[in-house]
Participant: 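Questions regarding the structure given below will be posed in turn.
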Amino acid sequence: MNPLLANLNEPQLAAVTLPAVHALILAGAGSGKTRVLTTRIAWLISTSQVSPPGILAVTFTNKAAKEMLTRLAGMLPINVKGMWIGTFHGLCNRLLRAHHRDAGLPQLFQILDSADQQSAVKRLLKSLNVDDEKFPPRELCHFINAQKEQGLRPAAVEAWDDWTRKRVGLYEAYEAQCQREGVVDFAELLLRSYELLERNEPLRRHYQERFRHILVDEFQDTNKLQYKWLSLLAGGGASMFAVGDDDQSIYAFRGADVGNMRDFEREFKVDNLIRLEQNYRSHGNILDAANAIIKNNPSRLGKNLWTEAGAGEPIRVYEAYSDLDEARFIAEEVKALSRDGHARAEIALLYRSNAQSRALEHALFSAGLPYRVYGGLRFFERAEVKHALAYLRLIANTDDDTAFARVVNFPTRGIGARSLESLQDAAKAANSSLHAAIAQVSGAGGVKLKAFAELILKLRDAAHLPLPELVDHVIELSGLRAHYQNEKEGQERLANLDELINAAASFVAEEGVANEEGELSSELASFLAHASLEAGEHQAGEGDDALQLMTVHSAKGLEFNIVFICGLEEGLFPHENAISEEKGLEEERRLMYVALTRARQRLYLAFAQTRMLHGQTRYNLPSRFLDEVPEELLKWLTPRAGKQGFAVPSAPTFSNGDAMPRRRESSSGSGFRIGQSVTHAKFGLGVIVNAEGGGSDARVQVNFGTAGMKWLALSVAKLEAA
DNA sequence: ATAGACATTCTTTTT
DNA sequence: GAATGTCTAT
């Protein structure tokens, strides 16, 4: 027996050893998905069914791609480096670099990240004198990306109203601007390489014949364009092996289309649908809860996780008075767990939205517990790093107006708004880049601009230097170093700039791109692509034994011994913006499913009666997801809050600094107070969130959850304390 | 050109 | 509440 196949369970083995056919693997959480994917590649190669260059394996994140490469390298005695295993964007970048001419791109085309894209759009709106109130750059970016992700160029977009027609026009102008500047955004990487393959038959046939096996990770997260891209490449008879979990589809809001799983099944006539349902991660109670929750979603492909591990501990539920109380409880609990010998790094605090981390962080800090928050600014996204990268981008391509605009006056060199305006006018008149238009600007501003142009020229002269030295040189000559040396808070930024030099050095050491003779550094171009495509690790203390704080979204794919899910309240989780639509609610439920299945041994669910949000105290009902977990799996750490609402009345006398209902007048005499749970004959269960008037005029505002927010006159409405 | 005041917005996020 | 963006005064 092939040692690769040892210890695989039956469906895993079946999936790994499928012949060259299309297959859809429904891989539940914790069912060994990555193992199946990598083992399949290793098995195909080791049994000589395919050679390494015949494999195309696609993931969504760099982390997943790296993980696959590392595991594969451990299974096979081959050099994994050159294999086509990577993210959609990384592989498309590779394709476009190799065929930039056919794709209509300059050799050193630059990649705009989302922030770059937004500033490019802002610049475009300004140059066209478009009101950015009516066309917010954020929304316009979203629109453009959504079209591209459907595979639609401006001419193909159907516009039925003036607003959309105008946006399509702006989409077109944006494309022209990008093309002139020699830059592509993330979605363009995909679309451009799709079009390249579609239109260039010899090229398409080449890759179709080359890739015999296409493997896709997290298939439920693919968008329409990615699916088309895969279909095109598989069109030459390759086998497609798609691994995904429709229950973990939580990115519909950014274009992911679970429908691709059904389409794939139908269009590729997949008759190998394999379910991986045995879970190796969590104890039974946790899985039972997850299964019970997700069962409420109709139209699933269907799957039920099970485990050989025992039921384990019950799921602990804590009802807090307030967000601060919730945080304090968690901090105390974690402290106790830590004392009992649990590694802090094995404990995760999950929440629906980032704003929730504040209260948690505060409590953890007071308790002296080290923690790490995911989701902040990443290395290559930091302002000072982006500034340095902008200078480097101008070395590679002087026409990159986004980079130009970013640093033309940073550090300040007396080039103000009016000089830039005349430069922009000149560029527009000549249909040229900002850099190329400098000669046209006269006067004092023109002199300063010419000095800037000379600076870029001088920097370009250094392009032959080894990359780390070039970076150092740029930081020095641009004045960035001096600028941050003079700044009070500049120490950390200087350190980050030094870190950028280090990053360049290790990039050269690892990637080892050869520098072509006499040419502008292709090493530089690869490094810049790397900086755009892989924004780098999140900041701070890796390696320390720290608590892990993150949103449920960023927890996907991770696992922890102990998990706290915080803020389980209607309006927060499920989020209020998602509640009104069935589809939105189902995605929230899948999100809850993802959250639950992160835990191996112990799971806490926490919610609060009052919470500060957007600077206001809010009163929420417990999340409906709590009701969807079977009673017998739960162990209430506070008196049970039933379907009737909160068990513990929130007395207005907390001494712990919690938000207290401010309007006492509303409670006097009426028998009701803010924060109290009430029932109404028509609207059902709700929470009083506000009150005004008194005596016979008294009115209260009640949050009825699904039934909405209502103002009710106490003299008319029959409210009962719940 | 820059600091300080005022207004506005506020899910989730990788590439 | 905090962060970003725009306007205003120096």
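Sequence lines set the chain letters: A, B, ... in the order given, protein chains first and strands last, and positions in each chain run from 1. The analysis underlying the following values was restricted to heavy atoms, covering all of them including side chains, and did not include hydrogens, waters or symmetry mates.
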Participant: Looking at residues at least two apart in the chain, or sitting in another chain, which of them share a side chain to side chain donor-acceptor pair (under 3.5 Å) with A:Asn296?
Facilitator: A:Glu628

Participant: With sequence neighbours left out, what residues match A:Lys122 under salt bridge (Lys or Arg N to Asp or Glu O under 4.0 Å)?
Facilitator: none

Participant: Whole angstrom is fine here: how far is it from NE2 in A:His89 over to C1' in B:dT13?
Facilitator: 12 Å

Participant: If you take any heavy atom closer than 4.0 Å to DNA chain B, which residues from residues 548-560 of chain A end up in contact?
Facilitator: A:Thr551, A:His553, A:Ser554

Participant: Shoot me the first and last contacting nucleotide of DNA chain C against chain A, ordered 5' to 3', at under 4.0 angstrom to non-hydrogen atoms.
Facilitator: C:dG1 to C:dG5

Participant: What's the CD-C1' distance between A:Gln118 and B:dT13, to the nearest Å?
Facilitator: 14 Å

Participant: Take atom NE2 of A:His362 as the centre, draw a 6.0 Å sphere, and report whether it contains more than 12 heavy atoms from other residues, nucleotides or ligands.
Facilitator: no

Participant: Just grab all the salt bridge (charged side-chain N to carboxylate O under 4.0 Å, His left out) pairs involving residues 125-140 of chain A, residues at least two apart or on different chains.
Facilitator: A:Glu139-A:Arg167

Participant: Using atom P in both nucleotides, what's the gap between B:dT13 and C:dT4 to the nearest angstrom?
Facilitator: 16 Å

Participant: How many whole angstroms separate atom CG of A:Leu377 from atom C1' of B:dT13?
Facilitator: 14 Å

Participant: Could you pull out all residues at least two apart from A:Phe365 that satisfy ring pair (Phe, Tyr, Trp, His ring centres under 6.0 Å)?
Facilitator: none

Participant: Using a 4.0 Å heavy-atom cut-off across all strands, classify A:Ile415 as base, sugar-phosphate, or nothing.
Facilitator: sugar-phosphate

Participant: Give the rounded distance in Å between these two atoms: CG of A:Asp113 and P of B:dT15.
Facilitator: 12 Å

Participant: Looking at A:Lys33 and A:Asp217, does any basic side-chain N land under 4.0 Å from a carboxylate oxygen?
Facilitator: yes

Participant: Return the value, rounded to whole Å, for the distance between atom CZ of A:Phe60 and atom P of B:dT15.
Facilitator: 11 Å

Participant: Assuming nearest nucleotide by heavy-atom distance, tell me which of A:Glu587 and A:Phe186 is located more 5' along DNA chain B.
Facilitator: A:Glu587

Participant: Check the orientation of A:Tyr227 and A:Phe219. Use parallel for under 30°, tilted for 30 to 60°, and perpendicular for over 60°.
Facilitator: perpendicular

Participant: Can you check whether A:Asn62 has a side-chain N or O nearer than 4.0 Å to OP1 or OP2 of B:dT14?
Facilitator: no

Participant: Expressed as a whole number of angstroms, how long is the span from A:Leu225:CG to B:dT15:C1'?
Facilitator: 13 Å

Participant: Using side chain to side chain donor-acceptor pair (under 3.5 Å) as the criterion, list what pairs up with A:Arg71, not counting sequence neighbours.
Facilitator: A:Glu67

Participant: If the condition is side chain to side chain contact (heavy atoms under 4.5 Å, CB included), which residues does A:Asn62 pass it with, not counting sequence neighbours?
Facilitator: A:Thr87, A:Glu534

Participant: Assuming nearest nucleotide by heavy-atom distance, tell me which of A:Thr87 and A:Leu591 is located more 5' along DNA chain B.
Facilitator: A:Leu591

Participant: Going by side chain to side chain donor-acceptor pair (under 3.5 Å), name the residues that satisfy it together with A:Tyr391, two or more places apart in sequence or in a different chain.
Facilitator: A:Arg413

Participant: Expressed as a whole number of angstroms, how long is the span from A:Leu96:CG to B:dT15:C1'?
Facilitator: 14 Å

Participant: Could you state the atom-to-atom distance from OH of A:Tyr251 to C1' of B:dT15 in whole Å?
Facilitator: 12 Å

Participant: Treating primed atoms plus P, OP1 and OP2 as sugar-phosphate and everything else as base, which nucleotides of nucleotides 2-11 of chain B get B, S or - for protein heavy atoms under 4.0 Å?
Facilitator: S-------BB

Participant: For a quick test of your reading: what N or O donor-acceptor pairs under 3.5 Å do the side chains of residues 573-580 of chain A make, sequence neighbours left out?
Facilitator:
| unit_1 | atom_1 | unit_2 | atom_2 | d |
| --- | --- | --- | --- | --- |
| A:His575 | ND1 | A:Asn577 | N | 3.1 |
| A:Glu576 | OE2 | A:Arg618 | NH1 | 3.4 |

Participant: Tell me every residue that passes side chain to side chain donor-acceptor pair (under 3.5 Å) with A:His99, counting only those two or more places apart in sequence or in another chain.
Facilitator: A:Tyr207

